[in-house]
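Note: hydrogens, waters and symmetry copies are ignored here, and every other heavy atom, side chains too, is used. Note that the numbering runs from 1 along the sequence shown for the chain.
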Amino acid sequence: MLLLPQSFSSLLKNNDYLQKLFICCSAIHTHHGIPRYFANRAQRRKARFWELLGQQTGVNYAKKATMCSSSSSGQDMTNWLWSIYNETKKQTEALIPEISKNSVNPNTIFANNEMSLDNIEIYGFDYDYTLAFYSRRLHTLIFNIARDILIQEHRYPEGLQEYEYTPDFVIRGLHYDVQKALLMKIDAFHYIQLGTVYRGLHPVPDKEVIAMYDGSHVPLENMSDFYGKSSHGHTMKQYMDIFSLPEMNLLCCVNDYFMKHNIDYEPVHLYKDVKAAIGDVHVKGILYRAVEADIENYISYGEQTHAVLKKLYEDGKKMFLITNSPFDFVDRGMNYIVGTEWRELFDIVIVQADKPGFFNDRRKPFRRVTDKGVLHWDRIHKLEKGNIYKQGNLYEFLRLTGWRGSKVLYFGDHIYSDLADLTLKHGWRTGAIIPELRKEVKIMNTKEYVHLMTWLQGLTGLIEHMQVHRDPASQAVVQEWIKEREAMRSQTKNIFNAQFGSLFRTYHNPTYFSRRLSRFADIYMASLSCLLNYDFQHTFFPRRTPLQHESPFWPEQTSAGAMNMPFVPHRNTVED
């Protein structure tokens with residue numbers, strides 16, 4: 001028989017206390033793992049206590065409750081359940097002040113896989129949304145230009161001019177059903193999160209969604225390809241790029257206009273036209289010219305990027321840049337962020353790389369580019385510092401540099417195009433830059449969110465334990481609790497985004513985006529500036545989150561630095 005710690009022995013004599021403790025712990029214990037408020041040792045022991053309680057005392061509380069339901073009237077059972085509800089809520093809410101102290105530092109680097117910076121010799125970077133961060137003005141610009149292209153070149157109705165970009169309407173990681181013209185959020189198990197399906201600018205009722213998909217599950221063969229794109233036989237396109245936010249907005253606006261004016265249209269044509277218009281903004285250089293002309297209003301946080309690159313350079317690390325953007329655009333941005341000597345920091349600079357093809361296509365050779373954009377025809381035998389190279393492929397890059405395996409760490413914002421092939425095929429370590437992370441962490445630190453989530457877990461545990469009472473009176477009470485839980489889940493979703501919720505969760509499950517993030521990124525962070533909080537001998541450890549069949553009472557291993565304990569004192573990092 002397992003024995004309780006000696007400090008608990010005296011508690012066994014206090015049956016009233018035991019019952020309260022049992023109720024409270026039962027309520028807050030769920031199969032998702034230990035809550036943060038059991039982080040210290042004494043609280044973990046209390047949590048473990050209720051599990052062993054029945055063995056030590058011989059009292060089966062679940063059995064007592066069953067006896068109550070069989071021997072009492074329905075009204076007595078109802079009163080008994082509500083008394084437990086009230087006591088559980090009281091006990092749970094008493095924990096909130098302590099839980100609120102455990103806020104997460106938004107400048108933390110979070111680990112999916114154990115990784116030591118001491119082993120990293122070479123650092124690689126994407127440019128857009130990795131080295132260069134853009135203001136919201138850029139998304140408005142992309143939306144406006146693409147909307148005008150639809151009107152002027154694709155002959156779409158002039159009435160589309162009435163639509164403007166809405167920054168907080170969509171989030172990254174959403175799926176778009178090309179044939180049904182529906183934008184939605186899908187979880188890691190291919191289930192649609194009901195309540196997050198939109199046709200145009202309006203939600204689609206759950207019953208209609210279930211009828212269209214014969215439930216809420218999307219079969220694998222209907223999902224997008226490996227890089228999130230819709231191709232032959234696939235009806236779903238996943239938007240993983242930060243630059244895709246204006247595209248999703250524009251799709252919703254055009255759909256809304258056609259439906260509002262009862263215009264019959266083919267959804268596939270609309271999707272392709274919007275995609276082409278957005279592509280033109282980039283391919284034709286319209287975006288690049290606009291940013292270069294007013295760079296101060298588009299690029300943000302340049303000083304933090306400069307500080308990271310300088311720190312790496314002074315520590316003797318090798319650095320390279322691989323980006324799909326053209327050299328003139330990168331040069332203008334890096335001159336603004338770092339200064340005219342920025343190229344001295346990098347050992348290799350590759351532009352217009354055509355990722356993700358760069359990581360797979362062995363056919364494209366490198367070409368050397370002059371500062372004026374003139375292409376050389378000479379064969380490349382060595383990638384030299386100070387030169388600019390275009391196109392190429394990773395296999396040639398590896399041959400010419402010898403930079404292989406886990407000594408290379410590459411940072412990018414696109415889970416598929418930047419990171420997937422590197423970790424799956426080449427063994428590089430990968431770091432995902434997730435700008436939305438800082439905002440979401442700050443939301444999770446608020447009193448409103450902590451209060452909602454604490455009671456949501458408590459109520460979920462209460463439902464889980466009390467659902468065994470099958471008499472009508474008990475089931476009526478449990479159904480009331482289930483309705484309250486559903487309302488709270490919607491409320492927590494709305495805190496992040498009124499239409500689609502959090503980037504990382506669909507209620508309790510991880511999103512499809514989260515699943516890919518955990519698979520393809522060793523570490524992830526809000527911005528490169530987070531590196532300023534760590535030295536180059538630091539090892540990142542992922543939390544050992546209990547599996548479903550494992551004991552949930554292990555000490556929770558929080559990512560180092562997450563609990564407002566920065567590694568470098570008095571260091572200021574990006575806050576907004």
| query | Side chains of Met223 and His175: does their closest heavy-atom pair fall under 4.5 Å? | reply | yes

| said: So does Thr130 get a backbone contact from the side chain of Asp413, meaning a donor-acceptor N/O pair under 3.5 Å? | reply: no

| request: Over all heavy atoms of both residues, which pair between Pro219 and His190 is shortest? Give the atoms and the distance, please. | output: C-ND1, 4.4 Å

| query | Which heavy atom in Ala526 sits nearest to a heavy atom in Leu437, and how many Å separate them? | reply | N-CD2, 3.8 Å

| said: The criterion is side chain to side chain contact (heavy atoms under 4.5 Å, CB included); which residues satisfy it with Glu303, sequence neighbours excluded? | reply: none

| 4.5 Å side-chain heavy-atom contact, Leu183 and Met248 | yes

| query | What residues form a ring-ring contact (aromatic ring centres under 6.0 Å, His included) with Tyr524, not counting sequence neighbours? | reply | Phe110

| message | Could you check whether any side-chain heavy atom of Phe536 comes within less than 4.5 Å of a side-chain heavy atom of Lys311, counting everything from C-beta outward? | response | yes

| message | Can you list everything that forms a side chain to side chain donor-acceptor pair (under 3.5 Å) with Arg363? Sequence neighbours excluded, please. | response | Asp361

| said: Is there a side-chain contact between Lys425 and Asn360 in this structure, where contact means two heavy atoms from C-beta onward sitting under 4.5 Å apart? | reply: yes

| Counterpart residues, ring-ring contact (aromatic ring centres under 6.0 Å, His included), relative to Tyr389 (two or more places apart) | none

| message | What verdict does the side chain to side chain contact (heavy atoms under 4.5 Å, CB included) test give for Val330 and Leu321, after you've listed the backbone C-alpha separation in whole Å, the side-chain angles of each residue and the deciding distance to 0.1 Å? | response | CA-CA 10 Å; Val330 174; Leu321 172 64; 3.8 Å; yes

| task | Check the side chains of Asp241 and Tyr416 for a donor-acceptor pair under 3.5 angstrom, ignoring hydrogens and angles. | result | no

| Option passing side chain to side chain contact (heavy atoms under 4.5 Å, CB included) with Phe500 (candidates Asp168, Ile171, Asn494) | Ile171

| message | Please give me the minimum heavy-atom distance between Asp354 and Asn324, naming the atom from each residue. | response | N-OD1, 2.9 Å

| task | Might you work through the side chain to side chain contact (heavy atoms under 4.5 Å, CB included) test for Lys407 and Ile122, ending with a clear yes or no? | result | CA-CA 6 Å; Lys407 66 181 179 181; Ile122 305 132; 4.0 Å; yes

| note | Sequence neighbours excluded, the answer for side chain to side chain contact (heavy atoms under 4.5 Å, CB included) partners of Pro326 is Tyr288, Phe329, Gln352

| message | Counting only heavy atoms from other residues, nucleotides and ligands, does the tally under 6.0 Å from OH of Tyr191 exceed 12? | response | no

| message | Taking the side chain as everything from C-beta on, heavy atoms only, tell me whether Gln193 gets closer than 4.5 Å to Asp187. | response | no

| said: The criterion is side chain to side chain donor-acceptor pair (under 3.5 Å); which residues satisfy it with Tyr336, sequence neighbours excluded? | reply: none

| field | Partners meeting ring-ring contact (aromatic ring centres under 6.0 Å, His included) with Phe504 (sequence neighbours left out) | value | none

| said: Can you list everything that forms a side chain to side chain donor-acceptor pair (under 3.5 Å) with Arg404? Sequence neighbours excluded, please. | reply: none

| said: When you measure from the side chain of Glu247 to the backbone of Ser244, do you find a donor-acceptor pair of N or O atoms at a distance under 3.5 Å? | reply: no

| query | Can you name the residues that form a ring-ring contact (aromatic ring centres under 6.0 Å, His included) with Tyr507, not counting sequence neighbours? | reply | none

| query | If you measure only the distance, is there a donor-acceptor pair under 3.5 Å linking the side chains of Tyr512 and Arg516? | reply | yes

| Polar side-chain atom of Ser417 near backbone of Lys355 as donor-acceptor pair, under 3.5 Å | no

| Results of side chain to side chain donor-acceptor pair (under 3.5 Å) for Tyr129 - residues two or more places apart only | His139

| field | Within-4.5 Å side-chain heavy-atom neighbours: Ile443 and Lys439 | value | yes

| note | Here the gap from Leu117 atom CG to Ile523 atom CD1, rounded to the nearest 0.5 Å, amounts to 6.5 Å

| said: Between Trp342 and Val349, is there a side-chain heavy-atom distance shorter than 4.5 Å? | reply: yes

| message | Keeping Asn249 on the side-chain end and Leu245 on the backbone end, is there a donor-acceptor pair under 3.5 Å? | response | yes

| field | Heavy-atom side-chain proximity of Pro435 to Arg172 below 4.5 angstrom | value | yes

| message | In terms of relative ring orientation, are Tyr410 and Phe359 parallel, tilted or perpendicular, with 30° and 60° separating the classes? | response | perpendicular

| note | Scanning both residues in full, the closest heavy-atom pair of Thr108 with Cys530 reads O-SG, 4.2 Å

| Got a donor-acceptor contact below 3.5 angstrom from the Asp315 side chain to the Lys317 backbone? | no

| remark: Looking only at heavy atoms, the pair that brings Ile380 and Phe366 closest together is CG1-O, 3.4 Å

| said: For the backbone of Leu400 and the side chain of Lys382, can you confirm whether one donor and one acceptor N or O come within less than 3.5 Å of each other? | reply: no

| Quick one: side chain to side chain contact (heavy atoms under 4.5 Å, CB included) partners of Asp522, sequence neighbours excluded? | Asn113, Met115, Arg429, Thr430

| query | Which pair of non-hydrogen atoms, one from Gln238 and one from Gly173, has the smallest distance, and what is that distance? | reply | NE2-O, 3.3 Å

| Within the distance-only criterion (no hydrogens, no angle test), does the side chain of Arg289 pair as donor or acceptor with the backbone N or O of Lys284 below 3.5 angstrom? | yes

| field | Thr511: partners by side chain to side chain contact (heavy atoms under 4.5 Å, CB included), with sequence neighbours left out | value | Lys185, Thr506, Phe513, Ser514

